[in-house]
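Everything on this sheet refers to the single structure shown next.
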Amino acid sequence: MSTNFGKGCHLHLIDGSAFIFRAFHALPPLTRKSDGLPIGAVSGFCNMLQRYIDGNTGPDAPTHVAVIFDKGSHTFRNDLYDQYKANRDAMPEDMRPQIPLTREATVAFNIACKEQEGFEADDIMATLAHQARDAGGRVTILSSDKDLMQLVGDGVEMLDPMKNKLIDRDGVFEKFGVGPERVVDVQALAGDSVDNVPGAPGIGIKTAALLINEYGSLEELLDRAEEIKQPKRRQTLIEKREQIELSKKLVQLDCDMELDFTLDDLEVREPDPDTLMEFLTRMEFRTLTKRLADKLNVEAPAIPDTTPEGANPPADAPEWPAIDPEKYEHVSDLAALEAWVARARETGWVAVDTETTGVNDMTCDLVGISLSVQPGEACYIPLAHKANAGDDLFADNSLAPGQMPMSEALDTLRPLLEDPAVLKIGQNMKFDAKVFARYGVDVAPIDDTMLMSYAMNAGLHGHGMDALSERYLSHTPIPIKDLLGTGKKQITFDLVPIEDAVKYAAEDADITLRLWMTFKPQLHRTQVTRVYETLERPLVPVLAQMERHGIKVDRQTLSRMSGAFAQKMAQLEEEIHELAGESFNVGSPKQLGEILFDKMGLEGGKKGKTGAYATGADILEDLATEHDLPARVLDWRQLSKLKSTYTDALQEHINADTGRVHTSYLQSGANTGRLASADPNLQNIPVRSEEGRRIREAFVAEEGKVLVSLDYSQIELRILAHMAGIDALKQAFRDGQDIHAMTASEMFNVPMEEMTSDIRRQAKAINFGVIYGISGFGLARNLRIPRAEAQGFIDRYFERFPGIKQYMDDTKAFAKEHKRVETLFGRLIHTPEIAAKGPRAGFAQRAAINAPIQGTAADIIRRAMVQMPNAIADLPAKMLLQVHDELIFEVQEDAADDLIAVAKEVMEGAALPVVQLDVPLVVDAGKGANWAEAH
DNA sequence: AAATTCACG
DNA sequence: GACGTACGTGAATTTC
């Protein structure tokens, strides 16, 4: 066989994506026995490759062969037209992890496997087909994709591997009504709904072929469009000329790509038995392993029947080198950095970590970046470490030596960090992504080890890196305190000596990569891939955007309120001291308790281990009926709270650069799937009291804009009605009834017309109690009624709605059996305490009852948030805040109603299509110049 | 650092 | 029969 491709050579090009899709859909959802990894498509793919090899042995056998894959999702066609392939359904979750494995399979069979960034597989095939034809060889494309038919002719033909049908010039003519050279013209006119190529509206393949045959070419047709007799057709071709020409560019394959390999690299090779056997046994394909072992005359390796849970590391995880901070690389010049970028591109992923001067990602400065592409191999790129560290007396602002310019480093890293084909792995990646965004780098796509841990292990343990490293890698990372110190002498990271920083920072990247390699295969095993992929991973950029937008807060309003509160507090304090007969710290529960119970001798007892009197609001409220002092203290406390936590503290959080307040959402903060908000917490801005609600007046829209608030009405009760299957409640929600009044009517046999607000209030408390895992004691305390009476309410409630009791018992039983509960969307919430004895068991049971309800509501609003940026992309609106069942937007005033319509639709339909609730979700909306008006 | 209190859903 | 209890959060303050 000649070593140079030429006459007599026969090239086979296999459309890899088509093979994978066919394999995926043709086979039942097989999973790998040892760990549940979905493997059906890989299995089908291997069988197809094997059948292909077996069927190509005769005199017409190919001399060269390659399987061509797509790489990344962004190609030059997306630059031409951003809607290209935009209507494609997302890839099925079970399929995604199998894609890289099919590439591995191709390599294992020793068949050339090619892909190229920015191009579709079709372009590579087009280029190779042209090269091969020009060299005098023959080409067979194994695909039935009509987009490839433009390549047919002059020794290039297609073979539909499904029907085993040859597609030559006649075949193309049959399909398109024109020869291969005019296929793109027809496609440009007819468009393609699958790839979202617009084409000419109203013109299909038939008409297109007719026109092209009449005028000879698309260009001729467009130039002479005036001559067309049919008025509608003529008008379309004239008006949509640009769209048609764009469509042609989209369907035209690039036959002239620069490839980093030659045809000679595609020569047919025999598979290496060891490599192939290793792959097949790792996939645990028993039949195929045996069949190929026989064929290759080797011993079939044994495949263990099952792997004991957690006993062995996965077969594909080689022994990792120990974590050794001495071995990490200090990158200080462009060449070294470029080498790391190249390595990351080669692997297709890279763990990234940033070091900064602080923990606030909106205000800190970037100090350095660490990368890791393989366990044990990591580097740190210091960028802004100061010279003279530790000698603050003479410290100046000059940079320490051994650092490349930050702009050069960022310019070098940007293409990598923004490359859709390279996965960036981080621990709490939202932080790093926000820092990078402030330096003009949009990191994507990302994976986050913190969120992987959260998806798998919520409720079992925390998800910080130190905890994860201890637990899953048995390694204690270098404590940050060792570098920064603590307390008053604490320094910032830019003052850490670079040699110390290298060890610490690179170790973080190394650990993150190892955690990712540990967690990635476990996502499938624990059945949370969908949760991670739909509720966690895509939320990261959404939250990052919201946080970066922030909300405008008016300092003057807050400042004025602070002054008023201070005055009122001073007045109350004076009165309290007078009533007490002595001066004391009103803010001290200990001193207050002594005044109330020792000095004044009021009823009330000691509490807890500390022996201090309890002086909570509920106790003071009871005392307030008899005495003025506790009443005044209650007033004082309310003002104190509002002043210190809100009107004062919020001002501190107004960002100097943006003039806005930027909260930080904790995505893995709450075990149920809820978000938490911190620094500052914007999820607990007062609303229940009139005085408190006025603080919301300080949250304002920019000039010409308004704030819009949309909130789910009774979402948790609706979810309960669905999950517990309570027909009466479901019907009431469908009818849009007042659910608390309806509950009251059912329970107390009061007709709706005779409902009183007091009865309704009691029913409302019961409804909420149910969601929290009701107890007689708790309800009694909430309603301030005798415990026996509260228990009577609950008994009657369960009698009337036996399904609720059933749901609670079922949920408790499920939690006991599995040590966890689940939301409707498959989120896991672990409840290890459920097995505890004593009072803790009660806690755990109530938490287990509440978690699926609260968690499902959290899942639904997360789904809405993930969809929202796309849905409102065309509106002058930004999503700013989430408060558990409420989303707050800032929008150009004249577009507020459009936004409300769009956002409402997204929110009300957010459970679909995964979950079809038996009750409607209803969203209420409001708008105004500030949050108080919008709510 | 823990305990207490209180703001929200 | 007695435990002690509404579910989920974050922040400010006092106390140890």
Side-chain angles (χ1 to χ4, degrees), chain A residues 458-459 584-593 607-620 633-634 636-650 652-653 663-666 668-689 691-693 695-696 711-717 720 765-783 787 790 794 808 821 829 831 836-855 857-858 861 881-886 935:
Chain A
F584 70 102
N585 183 353
V586 184
S588 161
K590 185 167 173 274
Q591 293 179 35
L592 175 67
K607 226 187 185 175
K609 310 124 212 162
T610 58
Y613 290 112
T615 67
D618 47 349
I619 295 190
L620 295 190
V633 171
L634 281 169
W636 183 92
R637 277 194 182 163
Q638 192 197 10
L639 296 175
S640 166
K641 182 81 178 180
L642 294 177
K643 182 171 187 294
S644 65
T645 309
Y646 299 104
T647 56
D648 288 351
L650 268 176
E652 312 278 313
H653 283 284
T663 184
S664 183
Y665 288 102
L666 314 185
S668 54
N671 287 338
T672 52
R674 270 195 182 180
L675 301 178
S677 157
D679 303 310
N681 182 355
L682 295 186
Q683 290 182 322
N684 70 344
I685 302 302
V687 69
R688 292 175 186 170
S689 79
E691 296 93 322
R693 185 157 50 234
I695 290 174
R696 295 187 172 217
D711 69 291
Y712 285 107
S713 163
Q714 311 281 13
I715 187 168
E716 292 192 354
L717 273 177
L720 175 70
I766 298 169
N767 275 333
F768 277 107
V770 167
I771 292 172
Y772 296 149
I774 199 161
S775 76
F777 184 94
L779 183 64
R781 203 170 64 162
N782 188 284
L783 285 177
R787 194 172 156 180
I794 294 170
M808 293 171 84
V821 291
I829 299 122
T831 57
K837 292 265 175 274
R840 293 143 75 91
F843 271 116
Q845 284 178 15
R846 290 192 296 272
I849 290 166
N850 173 258
I853 304 168
Q854 186 181 117
I861 196 165
L881 301 177
Q882 189 249 41
V883 192
H884 307 308
D885 63 358
E886 174 187 16
H935 189 77

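Since we're looking at a predicted model, the values are computed, not measured. Convention: sequence-line order gives letters A, B, ...; per-chain numbering from 1.
- As rounded to whole Å, 17 Å separates atom P of B/dT5 from atom CD of A/Gln638.
- Taking the P atoms as reference points, B/dT4 lies 16 Å from C/dG4, given to the whole Å.
- Residues forming a side-chain hydrogen bond (donor to acceptor under 3.5 Å, both in side chains) with A/His935 (at least two apart in sequence, or on another chain): A/Glu886.
- Contact check of residues 680-689 of chain A against DNA chain B (heavy atom, cut-off under 4.0 Å) returns A/Gln683, A/Asn684, A/Ile685, A/Pro686, A/Val687, A/Arg688.
- The side chain to side chain contact (heavy atoms under 4.5 Å, CB included) check on A/Ser644 picks up nothing, with sequence neighbours excluded.
- Secondary-structure stems of DNA chain C, taken as three or more successive Watson-Crick or G-U wobble pairs (i with j, i+1 with j-1) under a 3.5 Å distance threshold, comprise B:1-9 with C:7-15.
- Residues passing the side chain to side chain contact (heavy atoms under 4.5 Å, CB included) test with A/Ala847: none are found, sequence neighbours excluded.
- Residues passing the ring pair (Phe, Tyr, Trp, His ring centres under 6.0 Å) test with A/Phe843, sequence neighbours excluded: none.
- Distance alone, capped at 3.5 Å, places no donor-acceptor pair between the A/Arg674 side chain and the A/Gln854 backbone.
- Of all nucleotides in DNA chain C having an atom under 4.0 Å from a heavy atom of chain A, the first and last in 5' to 3' order are C/dG4 to C/dC16.
- Considering only residues two or more places apart in sequence or on other chains, A/Lys641 meets the side-chain hydrogen bond (donor to acceptor under 3.5 Å, both in side chains) condition with none of them.
- For the pair A/Asn585 CG and B/dT5 P, the computed distance is 14 Å after rounding to whole Å.
- Counting heavy atoms from C-beta on, the side chains of A/Val883 and A/Leu682 never come closer than 4.5 Å.
- In this structure, A/Leu666 atom CG and B/dC8 atom P are separated by 20 Å, rounded to whole Å.
- Partners of A/Ala676 by side chain to side chain contact (heavy atoms under 4.5 Å, CB included), not counting sequence neighbours, listed by chain and number: A/Leu666.
- B/dA3 sits 14 Å from C/dT5 when the P atoms are compared, rounded to a whole Å.
- Annotation: B/dC6 and C/dA6 have their P atoms spaced 14 Å apart (nearest Å).
- Under the rule for a side chain to side chain contact (heavy atoms under 4.5 Å, CB included), the partners of A/Ser668 that lie at least two apart in sequence or sit in another chain are A/Met450, A/Leu451, A/Tyr454, A/His463.
- Listed by chain and residue number, nothing satisfies the ring pair (Phe, Tyr, Trp, His ring centres under 6.0 Å) test with A/Phe777 (two or more places apart in sequence, or in another chain).
- Evaluation of the side-chain hydrogen bond (donor to acceptor under 3.5 Å, both in side chains) rule for A/Thr615 yields A/Arg637 as partners, not counting sequence neighbours.
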